[in-house]
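Below is one structure, written out as structure tokens, with a few remarks after it.
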Amino acid sequence: FPPVEQLPRVMEVELRVGPDGKSYMYYEGKQLGDALTDNRYEADGYRYHDIFHLTYMALLGWSPIIRGLLKRKRKSDQDVDEVEDGARAAILEECVAALAFSQAERESFFRGVPTVRYEILRAIKAMTNHLEVGVKTEGDWQRAILRSFEVWNQIRNQNGGRVRLDLVNQTIEVLPE
């Protein structure tokens, strides 16, 4: 795909909490997406869930959500734009994040938990098997989910922060404050 439709191979993203208590995400000094809250009666840190999308992008090479926010949808191929980068794929990605979060809540947000329940991994595979990310294994998904919660826990505990993604080396790390 043309460079304007490719995801950045390396990027730094900042998540900040504003005076309104909402989480804001920034890339290259510009806000990405909307301000987020936990969308829940009691605070649980879900306002930082964009970390999950960033981790899927870094480790799996897949995030229709982040691709859309970066305006890197693959418009040069109508089918890819519609299927891989479209609304249904983005909704599925949000479902994956919510499904993983649901298990994580019951298991100390995966602190010290080495595995994601197999039925959740199978459900994710089934939901995404028709997409380009369908080639990823349950092991790939488990690695991405567990890593996303390691990063999410750090960001949540410090009430925001910066992360560096490297799609070539498939890494995401929290940068020192």
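On a predicted model such as this, the values are computed, not experimentally measured, just so you know.
Of the possible donor and acceptor atoms, none in the side chain of D81 sits under 3.5 Å from a partner among the backbone N and O of D77. Under the 3.5 Å distance criterion, the side-chain polar atoms of S108 are left unmatched by any main-chain donor or acceptor of R111. Looking at E84, its side chain never comes within 3.5 Å of a backbone N or O of G86 through a donor-acceptor pair.
To the nearest 0.5 angstrom, Q6 atom CD is 8.5 Å from R72 atom CZ. With rounding to the nearest 0.5 angstrom, the CD atom of E14 is 10.0 Å from the OG atom of S23. Interatomic distance, T128 OG1 to Y56 OH, rounded to the nearest 0.5 Å: 10.5 Å. Between the CZ atom in R9 and the CG atom in L165 there is a gap of 12.0 Å [rounded to 0.5 Å]. Within the model, atoms CZ of R117 and CD1 of I145 stand 11.5 Å from one another, a figure rounded to the nearest 0.5 Å. Within the model, atoms CD of E150 and OG1 of T55 stand 9.5 Å from one another, a figure rounded to the nearest 0.5 Å.
Contact check for I91 versus E94: no side-chain heavy atoms found under the 4.5 Å cut-off. Side chains of V163 and I51 form a contact here, defined as non-hydrogen atoms less than 4.5 Å apart. M11 has its side chain out of reach of E28: every pair of non-hydrogen atoms, C-beta onward, lies at least 4.5 Å apart. Taking 4.5 Å as the limit, every side-chain heavy atom of S63 sits out of range of all side-chain heavy atoms of F52. Using a 4.5 Å heavy-atom cutoff, the side chains of V10 and V168 are not in contact. By the 4.5 Å heavy-atom criterion applied to side chains, L99 and I124 are counted as neighbours. Counting heavy atoms from C-beta outward, L92 and H130 have side chains that approach closer than 4.5 Å. Residues E173 and R147 form a side-chain contact, since some pair of their non-hydrogen atoms from C-beta on lies under 4.5 Å apart.
For the residue pair Y48 and D38, no side-chain donor N or O sits within less than 3.5 Å of a side-chain acceptor on the partner. For the 3.5 Å distance criterion, the side chains of E107 and Q103 qualify, holding a donor opposite an acceptor. When only modelled atom types and interatomic distance are considered, Q142 and T115 share no side-chain donor-acceptor pair under 3.5 Å.
For D34, the CG atom counts as loosely surrounded, since its 6.0 Å shell holds 12 or fewer non-hydrogen atoms of other residues, nucleotides or ligands. By the neighbour-count criterion of 12 heavy atoms within 6.0 Å, atom CD of E119 is densely surrounded, having more than that number from other residues, nucleotides or ligands.
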- Item | Stepwise side chain to side chain contact (heavy atoms under 4.5 Å, CB included) test for W62 and L131 | CA-CA 10 Å; W62 178 77; L131 298 169; 4.0 Å; yes

- Task: Check the pair E132, R74 against salt bridge (Lys or Arg N to Asp or Glu O under 4.0 Å), reporting the backbone distance first and the verdict last.
- Result: CA-CA 13 Å; E132 61 194 345; R74 294 166 284 186; 2.8 Å; yes

- Query: How far apart are the C-alpha atoms of K73 and E5, what are their side-chain angles, what is the distance that settles it, and do they pass the salt bridge (Lys or Arg N to Asp or Glu O under 4.0 Å) test?
  - Reply: CA-CA 6 Å; K73 293 176 82 172; E5 295 180 0; over 6 Å; no

- Item | Derivation and outcome, side chain to side chain contact (heavy atoms under 4.5 Å, CB included), residues L32 and L70 | CA-CA 7 Å; L32 282 183; L70 291 172; 4.0 Å; yes

- Audit row: R47, K22, side chain to side chain contact (heavy atoms under 4.5 Å, CB included) steps and yes/no: CA-CA 7 Å; R47 66 184 162 273; K22 296 178 181 180; over 6 Å; no

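The hydrophobic clustering, which links ILVMFWY residues whose side-chain heavy atoms are closer than 4.5 Å, places V17 and V151 together. Residues L36 and L69 do not share a hydrophobic cluster, clusters being chains of Ile/Leu/Val/Met/Phe/Trp/Tyr side chains in contact below 4.5 Å. If you chain together hydrophobic residues whose side chains sit under 4.5 Å apart, V80 and L60 never meet in one group.
With respect to R40 and E105, a salt bridge is recorded, a charged nitrogen being found less than 4.0 Å from a carboxylate O.
In terms of the side-chain contact (heavy atoms from CB on, under 4.5 Å) criterion, residue partners of E12 (sequence neighbours excluded) are, by chain and number, R162, R164, L175.
Every pair passing ring-ring contact (aromatic ring centres under 6.0 Å, His included) that includes a residue from residues 87-117 is listed here, sequence neighbours excluded: Y46-F101, F101-F109, F101-W152, F109-W152, F110-F149.
Of all non-hydrogen atoms in V135 and K125, the two that sit nearest each other are C-NZ, 4.5 Å. Taking each heavy atom of L59 and Q170 in turn, the nearest pair found is O-NE2, 3.5 Å. The two residues M25 and I66 have their closest heavy-atom pair at CE-CD1, 4.1 Å. Closest heavy-atom contact between S76 and P2: OG-CD, 3.8 Å.
When hydrophobic side chains of Ile, Leu, Val, Met, Phe, Trp and Tyr are connected at separations under 4.5 Å, Y24 ends up clustered with Y26.
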